[in-house]
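First up is the structure itself, then whatever we jot down about it.
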2 protein chains.
Amino acid sequence: MEKEFPKPSVTVDMVIFTILEGELKVLLVKRALEPFKGRWAIPGGFVRIAESLEDAARRELQEETGVKDVYLEQLYTFGEPERDPRGRVITVSYMALSNADKINLSASTDAAEAKWFSVSELPKLAFDHQKIVSYAIKRLRWKFEYTSIAFSMLPEKFTLGQIQKVYEIVFEKRFDKRNFFKKLHSLNILNEAGVKSDVPHRPPMLYSLKKNVPEIMEIL
Amino acid sequence: MEKEFPKPSVTVDMVIFTILEGELKVLLVKRALEPFKGRWAIPGGFVRIAESLEDAARRELQEETGVKDVYLEQLYTFGEPERDPRGRVITVSYMALSNADKINLSASTDAAEAKWFSVSELPKLAFDHQKIVSYAIKRLRWKFEYTSIAFSMLPEKFTLGQIQKVYEIVFEKRFDKRNFFKKLHSLNILNEAGVKSDVPHRPPMLYSLKKNVPEIMEIL
DNA sequence: ACAAAAGTGTTGAGAGTACACCCATGC
DNA sequence: GCATGGGTGTACTCTCAACACTTTTGT
């Protein structure tokens, strides 16, 4: 702690997930500058000197997507000396989950070009962003299994079918409807919230997530 | 990415666990300088400009404990602007697990005073180190439940009784011997490795961990 | 012989998994 | 009346938890 060392730069980078067109998507922005000019990258930026890491992540998130209240979770800090050709840049990565309806990409001011990509069809990414995205997908699956974060990708009121579909997309496999609903009911985390009646078939029950549901609780 | 921002400092701080005297212990060092002079803190230091985060952690670890090969895992990055009164310091925290036999505290060159503290009797810590230690304990328990990291706190050859004791210390509760051994056997991760014969009772079988055991695998 | 830890099976409860049919609505 | 997703129960398997006595050694 005695002497001054040359300092690295610190950034936050974010893997923003949503469900769109029946697929798990990640938001990418096209880099306008060197290095990796023209390549796709996950959104991020430098941490300001007086702002917390999470504040930096939320600020960047809002600049890119216009969204304020999303689930946000720190993932991992990547700090290989060679990860950025411009010099030493350590990045603290975050993942964000959002409900596609809330996001208005065109309103974003920052990035010249931002686009949703299916996780199964990602382009070549800048820096070590591929590694960050892979890590985020693992964490996402893990969290889906053990917590209720899935609900942050749904509107306030949702049907059981919608939840099941989100799980099926994230895990890339089908679940048995009866077992899935049985499990959800036994967890006792849902409130009934009317019925959805503008559908061309039997009107499904709507549910909302109970308040103060503890985060860790073994969903599947 | 356009302009230069004032840069924060980046440190690594480590929560080093071991089992000693039947208790879970954490290594603390007494701070020789302000701020928090005289307070206990977890060991750590600045990340050098050309070294990776993990290299920095291993270097500090060796300076403090003289130990090279330990289990090391990144935990979380703490970056509240006010966490260090000297200015903006972001710390990447790690946890290390070691087998007490391998550590020789007196050989450490760096810290004036280093001592093992039971996690149940920690003194007031410097900075936000209490938060880091609490986080590390949670992660430790979690990893014990789902992976085989416990074995890195044991010598190469160990008895079933020793493993069980480590689990009992970490979880602060007793397990049923038969169920515990049954579970371990069913995982098929142990090799028999002779018997321990210098004991004043029936000689227990020794075991060693199989090579290439996958890290995640539902232990308990 | 006694102290100390090692070793070993069975039973019951609960959770997970597999599986198929009828229902209510819009068109 | 037909297409579409909604909604529901039972049987089997497997895992987890509870539980007590005998064995082998050193002293």
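Lettering follows sequence order; numbering is per chain, from 1.
The side chain of B:Arg178 lies closest to D:dA20, out of D:dT8, D:dA20, C:dG7. For A:Arg202, the side-chain atoms get nearest to C:dC23 when compared with the rest of C:dT8, C:dC23, C:dG9. Distances were taken from every side-chain heavy atom of B:Lys183 (C-beta onward) to each of D:dC16, C:dG9, D:dT8; the shortest belongs to D:dC16. Set against D:dG7, C:dT8, C:dA4, the side chain of B:His201 has C:dA4 as its closest nucleotide. Of the candidate nucleotides D:dA17, C:dA6, C:dT25, D:dA17 has the atom lying nearest to any side-chain atom of B:Asn179.
In this structure a side-chain-to-backbone donor-acceptor pair under 3.5 Å is present from A:Thr18 to A:Ala100. Looking at A:Ser93, its side chain does come within 3.5 Å of a backbone N or O of A:Tyr76 through a donor-acceptor pair. Checked by atom type and distance alone, the side chain of A:Arg83 never pairs as donor or acceptor with a backbone atom of A:Ile90 at under 3.5 Å.
Each of A:Pro200 and A:Tyr207 has a nearest nucleotide on DNA chain D; the 5'-most of these lies closest to A:Pro200. Both A:Asp176 and B:Val199 sit near DNA chain D, but only A:Asp176 has its closest nucleotide nearer the 5' end.
In this entry the distance linking CD of A:Glu218 with P of C:dG14 reads 18 Å, nearest Å. The CD atom of B:Gln162 sits 16 Å away from the C1' atom of C:dG7 (whole-angstrom rounding). In this entry the distance linking CG of A:Leu206 with C1' of D:dG6 reads 12 Å, nearest Å. D:dC16 atom C1' lies 12 Å from atom NZ of B:Lys173, rounded to whole Å. Straight-line distance from the CG atom of A:Leu184 to the C1' atom of D:dT8: 15 Å, rounded to whole Å. Between the P atom of C:dG16 and the NE2 atom of A:His185 lies a distance of 16 Å, rounded to the nearest Å. Between B:Asp198 atom CG and D:dT27 atom P there is a gap of 11 Å when expressed in whole angstrom units. Between the P atom of C:dA4 and the NZ atom of B:Lys196 lies a distance of 17 Å, rounded to the nearest Å.
If you check residues 140-161 of chain B against DNA chain D, you find no residue with a heavy atom closer than 4.0 Å.
A donor and an acceptor atom sit less than 3.5 Å apart, one in the side chain of A:Lys177 and one in the base of D:dG7. The base of C:dT10 is paired with the side chain of B:Lys182 by a donor and an acceptor separated by under 3.5 Å.
Salt-bridge check for B:Arg141 with B:Glu172: passed, with a basic side-chain N closer than 4.0 Å to an acidic carboxylate O. Ion pairing between a basic and an acidic side chain is recognised when a charged N comes within 4.0 Å of a carboxylate O; A:Lys173 and A:Glu168 show no such pairing.
Of the listed residues (A:Tyr71, A:Tyr167, A:Phe151, A:Phe175), just one forms a ring-ring contact (aromatic ring centres under 6.0 Å, His included) with A:Phe144, and that residue is A:Tyr167.
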_Would B:Asn188 and B:Lys210 count as a side-chain hydrogen bond (donor to acceptor under 3.5 Å, both in side chains) here? Give the steps._
CA-CA 9 Å; B:Asn188 197 31; B:Lys210 284 189 180 170; 3.1 Å; yes
